[in-house]
Amino acid sequence: MNTIFMFPGQGAQQVGMGRDLAGQNPQIADLYRRANQIVGYDLASVCFEGPEETLNTTEISQPAIFVTSAACLAALRGGQLAPELSGLQPDACAGLSLGEYTALYAAGVVDFEQALTLVQLRGRSMQEAANQSQGSMVSILGLEEPALNQLCQAVLDKKPREENGQNPLLVPVNYNCPGQIVVSGTLAACRMLAEMAESFGASKAIPLKVAGAFHTSMMDPAAEKLSQALHNCRFSSFSCPVMANVDAKWYEGVDSITPKLLAQLVSPVRWQQCVEFLLNQGAQRFVEIGPGRVLTGLVKKISRVQKKTIELITVNGMS
């Protein structure tokens with residue numbers, strides 16, 4: 001195993017993404033036009049021109065990132081981006097949270113329309129679930145999992161009172177790289193977590209600008225809405241292996257797709273463990289395809305700790 005294609009998740013969006021690609025390539029422009037027809041609004045305009053506050057909503061950012069990542073993938077395969085990589089095929093694909101859908105698309109498991117329809121429903125359902133509850137997320141820097149678990153338990157032992165009567169909840173949900181773990185939970189619990197983090201040895205606690213407590217049981221309503229759509233999908237065979245976030249293992253086949261994607265909505269994303277597994281399998285080239293450079297930075301940190309020498313390539317179509 002040598003080359004890994006990897007795809008970003010929510011948070012990678014930025015106004016202007018895909019604009020240069022669509023302006024230079026009629027096929028990419030057509031891809032955005034198809035996306036507009038599928039989602040029922042001018043998604044391309046939001047990607048290219050904003051406004052930023054619209055692009056940053058969960059409901060809009062998820063399909064926007066998926067479509068832009070698909071555009072970057074098409075441009076890479078067509079030789080418009082990084083001509084030296086034209087025709088490059090992945091030995092495996094992986095994606096962070098939302099990016100897992102793009103990874104399945106890149107592996108030929110779902111077509112563009114089916115994948116975008118799922119992603120749009122996912123984003124809308126997560127936004128609705130967040131609106132029904134009061135949750136947040138905090139990125140904790142400088143703590144590994146055992147110490148972070150102690151911090152979360154210490155906060156919960158104080159029984160922070162939630163304004164809407166919810167029981168306090170705190171769950172480590174994004175294992176991004178060594179020393180960077182994101183926690184999801186109820187609002188008061190997240191505020192207390194950020195206040196107490198440094199006393200437990202954290203170097204920093206960063207409250208995230210998100211709609212809710214993603215990857216926890218607070219997303220159960222979203223999983224219920226996505227369940228029927230996934231069960232109705234016609235999945236094709238894998239052209240290459242794809243990593244699953246929930247267990248840092250390969251998808252075993254098409255029968256594993258629905259249960260793993262549903263579990264991903266309400267369970268931790270184990271990106272660090274995914275990358276460690278791929279490094280141990282001999283992966284040497286990681287190609288991030290889509291807006292931003294978040295995954296490139298995370299993989300760089302993980303590979304340093306693992307003492308692995310790798311090649312990192314970012315393909316985002318931004319000038």
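These figures come from a predicted structure and were not determined experimentally.
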A.B. asks: What residues, two or more places apart in sequence or in another chain, satisfy side chain to side chain donor-acceptor pair (under 3.5 Å) together with Gln114?
C.D. replies: none
A.B. asks: What pairs of residues pass the ring-ring contact (aromatic ring centres under 6.0 Å, His included) test when at least one of them lies in residues 74-98, not counting sequence neighbours?
C.D. replies: none
A.B. asks: Can you list every ring-ring contact (aromatic ring centres under 6.0 Å, His included) pair that touches residues 157-188, not counting sequence neighbours?
C.D. replies: none
A.B. asks: Among all residues two or more places apart in sequence or in another chain, which pass the side chain to side chain contact (heavy atoms under 4.5 Å, CB included) test with Val109?
C.D. replies: Leu104, Ala107, Phe235, Phe238, Ile257
A.B. asks: To the nearest 0.5 Å, how far apart are CG in Asn232 and OG1 in Thr117?
C.D. replies: 12.0 Å
A.B. asks: Applying side chain to side chain contact (heavy atoms under 4.5 Å, CB included), name anything that partners Glu144, two or more places apart in sequence or on another chain.
C.D. replies: Pro146, Pro178
A.B. asks: Side chains of Thr216 and Ser184: donor-acceptor distance under 3.5 Å anywhere?
C.D. replies: no
A.B. asks: Listed by chain and number, what are the ring-ring contact (aromatic ring centres under 6.0 Å, His included) partners of Phe277, not counting sequence neighbours?
C.D. replies: Trp250
A.B. asks: Show me the donor-acceptor pairs within less than 3.5 Å that the side chains of residues 265-276 make with the rest of the protein, sequence neighbours left out.
C.D. replies:
from: Ser267; atom 1: OG; to: Ala263; atom 2: O; distance (Å): 2.7
from: Gln272; atom 1: NE2; to: Glu276; atom 2: OE2; distance (Å): 2.9

A.B. asks: Assess the side chains of Gln153 and Asn149: does a donor N or O sit below 3.5 Å from an acceptor N or O?
C.D. replies: no
A.B. asks: Under the rule for side chain to side chain contact (heavy atoms under 4.5 Å, CB included), what residues qualify as partners of Asn131, not counting sequence neighbours?
C.D. replies: Gln127
A.B. asks: Please tabulate, one pair per line, all N/O donor-acceptor pairs under 3.5 Å involving side-chain atoms of residues 297-308, not counting sequence neighbours.
C.D. replies:
from: Ser303; atom 1: OG; to: Val299; atom 2: O; distance (Å): 3.1
from: Ser303; atom 1: OG; to: Lys300; atom 2: O; distance (Å): 2.9

A.B. asks: What residues form a ring-ring contact (aromatic ring centres under 6.0 Å, His included) with Phe48, not counting sequence neighbours?
C.D. replies: Tyr32
A.B. asks: Please enumerate all residues that pass ring-ring contact (aromatic ring centres under 6.0 Å, His included) together with Tyr105, with sequence neighbours excluded.
C.D. replies: Phe66
A.B. asks: Restricting to ring-ring contact (aromatic ring centres under 6.0 Å, His included), what partner residues turn up for Phe200, sequence neighbours left out?
C.D. replies: none
